[in-house]
There are 2 protein chains.
Amino acid sequence: MSDFDLRDFLPYVLNMAAEQSSIEFQKLYKDRYGMLRTEWRVLFHLGRYGTLTAKEICDRANMHKTKVSRAVARLESRRFIARQEVEEDRRHERLDLTKAGQAAYADLSAAAQAFDAKLAAQFSPEEEAILRRCLTRLAALPKV
Amino acid sequence: MSDFDLRDFLPYVLNMAAEQSSIEFQKLYKDRYGMLRTEWRVLFHLGRYGTLTAKEICDRANMHKTKVSRAVARLESRRFIARQEVEEDRRHERLDLTKAGQAAYADLSAAAQAFDAKLAAQFSPEEEAILRRCLTRLAALPKV
DNA sequence: CCTTGTTAGTTACATTTTCAACTACTACCT
DNA sequence: AGGTAGTAGTTGAAAATGTAACTAACAAGG
């Protein structure tokens, strides 16, 4: 029997940390706007980067196209985003935030920023810098 | 419009890192043993810590009791674990790995250890130490 | 013993996610 | 032009998860 502990297993600890740190923020977009995590992510991408197609959101957010498709459908039905056909290639649709979508994004991204600061406050500046650098590398890696 | 980027939002980056780093290991327990993540975690706890009740696994793994209940049911049906009634209090059931369960645990925990080393190898010893420390703190936090 | 409260674990149902087609459109090749 | 292949996005069924209600067992006070 090996003595390798789950608490030493990065995928496990990353998952626990991700879950724990998500709980509080999840309440915000859930309670205030009735959004799911997928929807909040789509909203955020459009708010931060402007007009995008669903495919572009898939690529940037590492989300499967069915997830994005359903998130977009729900966000549209709640008037947070609007679709617009692309003349040159009618397979694409440009997605944009509506006024309501922009307002929700402004509210939630400010809350996210504040929450991030609160999370980061428990570390020293050096720790925080290294943590963010390591996480970025782990998150980006296409294949280990 | 705020300039706060999702890539600076710890819950998001943690989630991406967790997902990315889980993919490769997931293949192992899925393809070799047909397990789900919940099942692998239950197996791991029993393999690492010996006999436990479902409740104890819930507490240690931060898993909801329905998840554990279902994971145990599936693992039992595949003969990876065995239940044993507790005489003193018949609400409890002691859970143990069978021979097959122990073999699966030995195989998978060795693979996990090797995979963890591979992940950690992309960081310097200092980075790795700080990363693990920060993650442990983030994962443990009961309420931010 | 009987009531009330608590705990371990399961089950049922609604919500989400995943997987595999499927439609509609564009691109390329001859 | 016509055939083949590829891409963007949607849909439906199956799998997994979350929530809440449930059963069975214990505990403690009267």
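When reading the values below, keep in mind they use all heavy atoms of this one structure, side chains included, and skip hydrogens, waters and symmetry mates. Lettering follows sequence order; numbering is per chain, from 1.
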May I ask you to verify if any side-chain N or O of S69(A) is less than 4.0 angstrom from the OP1 or OP2 atom of dT10(D)?
yes
Which class fits the ring pair F25(A) and F115(A): parallel under 30°, tilted 30 to 60°, perpendicular over 60°?
parallel
For V72(A) and for R70(B), locate the closest nucleotide of DNA chain D by heavy-atom distance; then report the residue assigned to the nucleotide nearer the 5' terminus.
V72(A)
Where does the angle between the aromatic ring planes of Y29(A) and W40(A) fall among parallel (under 30°), tilted (30 to 60°) and perpendicular (over 60°)?
parallel
May I ask you to verify if any side-chain N or O of K67(A) is less than 4.0 angstrom from the OP1 or OP2 atom of dT18(C)?
yes
Taking for A54(A) and for L36(B) the nucleotide of DNA chain D with the nearest heavy atom, the one nearer the 5' end belongs to A54(A)
Under a 3.5 Å threshold, yes or no: a donor from one side chain and an acceptor from the other, between D5(B) and Y49(A)?
yes
Side-chain N or O of R83(A) versus OP1/OP2 of dT10(D): is the shortest distance under 4.0 Å?
yes
Out of dA8(D), dT19(D), dT26(C), which has the shortest distance to the side chain of H64(B)?
dT19(D)
Hey, is the main chain of D8(B) close enough, under 3.5 Å, to the side chain of R132(A) for a donor-acceptor pair?
yes
How would you label the contact of R74(A) with the nucleic acid (heavy atoms, under 4.0 Å): base, sugar-phosphate, or nothing?
sugar-phosphate
Per atom distances to the R91(B) side chain, the nearest of dT26(C), dC26(D), dC19(C) is dC26(D)
dG9(D) base to R90(A) side chain: any donor-acceptor pair below 3.5 Å?
no
Find the distance K65(A):NZ to dT18(C):C1' and express it as a whole number of Å.
13 Å
Have a look at K55(B) and say if it touches a base, only the backbone sugar-phosphate, or nothing, with a 4.0 Å heavy-atom cut-off.
sugar-phosphate
Rounded to the nearest angstrom, tell me the gap between atom CD in E85(A) and atom C1' in dC25(C).
11 Å
What is the separation between atom CD on E93(A) and atom P on dT23(C), rounded to the nearest whole Å?
18 Å
